[in-house]
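Computed from heavy atoms alone, side chains included, the values below leave out hydrogens, waters and symmetry copies. As the structure lists them, so they are numbered: ligands from 1, and atoms in each ligand from 1.
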Amino acid sequence: MADLILKKAKEKSLLRRHPWIYDTAVQRVTGDPKPGDTVRVLSDKGRFLAWAAWSPASTLRARCWSWNEEETIDDAWFERKVREAVAAREPLRARTSAIRLIFGEADGIPGLIVDQYGDWLVTQFQSAGAESRRELIGRLLMEATGAKGVFDRSDAATRRREGLEIRMETLAGEEPPAVIEVEEDGVRYGVDVRVGHKTGFYIDQRESRLAAQQAAAEFRRIHGRGMRALNCFCYTGGFSLALLKGGAEEVVSVDSSEEALAMARANAERNGFEGRAAWLCDDVFAALRRMRDEGEHFDLVILDPPKFASSHYHVDRAARAYKDINLNGLKLLEPGGELFTFSCSGAVDVDLFQKIVAGAVIDSHMNVWATGRFGAGADHPLLMTCPEGEYLKGMRLTVRP
Ligand code: SAH
């Protein structure tokens, strides 16, 4: 068993159960641990702090499994973690067959992502610790869920930082079909786990999609007609279909990817919504300006862009982009109209995002209320001792007279 000894006074975050140990905090390591091996983390005075996975190639030199000295990080330990994670998602099964089963640090397995789409599971191994238990985790997942197969989609850019190869292959059981069908809150979606974003679908937007569905239903009840909505950065049509399910009269969706739009069209057909959906292959920044110049109006606009800021270095540029789309999105609304606006950039926190959106409101010279906030669903919990896990946030705005 190797020991990882911290530099003087570097144990503070570990005592608060934050799971990351940066290279700059490490004084030395005894023995010769291999990537992913469990090391005992000690303070410079020899006090036990945690069990962690050794990751020599990463600036996150180790990530903690446990803070309990009595625990052994063996197969039974992983089995317990996997079962606990799966059990915690049970309440969601009544609503959906697309669920994040394991969300890394929050579920006590740093660097492991597992998403379930119906009978199939998709994994992403993003740390040396998770990677070195790959076969074990594949088997435990099959046992805990009864899935038909586990597909490993470990192509995330973060793997390079951990010194890991890109990998895409069936890890356990059968190979998944080209398109897996899932159902969420009464809407059917096709998911391509091989080429889709993330593991194929934005599972994290479930609650916001439901809010969109409900907004469309409410609009129809109050106004006696279906709403006209615009969904920007629509990807495979998540929000578009939710709005149509709720009873929207017409949904215009914009994305710059033909592949994503082809999936979105197929999703509309899957639900029999194609007659009320228009799909535009265009740059959202340009499309919003053009619609504004043409005097277009919508009852609801959704802005769910990709991550504009991949790190703190890009926050300024990202802020300008967020402000631009929010300003032009607002201008397509009249009093009573609503804007659902999101940011999935971890480097842009809730406060900053609100400031950016407020900047757009100020420039619009419109009277605007915030009537709600959005975030990732309960299967993407925030581990309270690891605030870095928070990334998705959104605001619901209403234009006032
Ligand atoms: N709202 C989606 C997820 C959005 S992902 C959902 O709920 O499923 C971001 C999408 O934005 C991708 O599909 C990508 O193709 C698209 N995109 C990125 N930059 C764009 C741009 N400038 N104009 C239009 N679409 C863009």
Strictly below 4.0 Å, N to O, side chains only: are R89 and D379 in salt-bridge contact? no

Please say whether the positively charged group of R159, taken as NZ for Lys or CZ for Arg, lies over the ring of F125, i.e. under 6.0 angstrom from the six-membered ring centre and within 45 degrees of the axis. no

Considering non-hydrogen atoms of the protein only, which is the closest contact for atom 7 (O) of ligand 1, and what is the distance? D304 OD2, 3.5 Å

I want to confirm something. Looking only at heavy atoms, which of L261, L288, I302, D282 is nearest to atom 24 (C) of ligand 1? D282

Atoms of ligand 1 under 4.0 Å from any heavy atom of F239, numbered from 1 in the order shown, are 7 (O)

Residue S257 vicinity, atoms of ligand 1 by number, heavy atom under 4.0 Å: 15 (O)

Between E294 and R289, is any pair of side-chain heavy atoms under 4.5 Å apart? no

Side-chain touch I109/V114, heavy atoms, less than 4.5 angstrom: no

When you look for heavy atoms under 4.0 Å from ligand 1, do you find them on the side chain of F201, its backbone, both, or neither? neither

Ligand 1 to Y235, heavy atom cutoff 4.0 Å, flagged ligand atoms 2 (C), 3 (C), 4 (C), 8 (O), 13 (O)

Using a 4.0 Å cutoff against the non-hydrogen atoms of H197, which atoms of ligand 1 qualify? 12 (C), 13 (O)

Nearest protein heavy atom to atom 5 (S) of ligand 1, by residue and atom, and its distance? Y202 OH, 3.3 Å

For atom 23 (N) of ligand 1, state which one of V254, L303, V284 supplies the nearest heavy atom. V284

Can you say whether the rings of H197 and Y202 are parallel (under 30°), tilted (30 to 60°) or perpendicular (over 60°)? perpendicular

I'd like to check the side chain to side chain contact (heavy atoms under 4.5 Å, CB included) partners of E207; sequence neighbours left out, ordered by chain and number. R95, L210

Is there any N or O on A260 that sits under 3.5 Å from an N or O of ligand 1? no

Atom 10 (C) of ligand 1: of N231, D283, I203, D255, the nearest heavy atom sits on D255

Out of P306, A242, C234, whose heavy atom is nearest to atom 18 (C) of ligand 1? P306

Salt bridge (Lys or Arg N to Asp or Glu O under 4.0 Å) between D152 and R134: does it pass, once the steps are laid out? CA-CA 9 Å; D152 186 15; R134 205 171 153 258; 3.2 Å; yes

With no hydrogens and no angle check, do the side chains of E162 and S58 hold a donor and an acceptor under 3.5 Å apart? yes

Nearest-contact summary for atom 17 (N) of ligand 1 - protein heavy atom, Å: S256 OG, 3.6 Å

What is the distance from atom CG of L121 to atom CG of D115, rounded to the nearest 0.5 Å? 9.0 Å

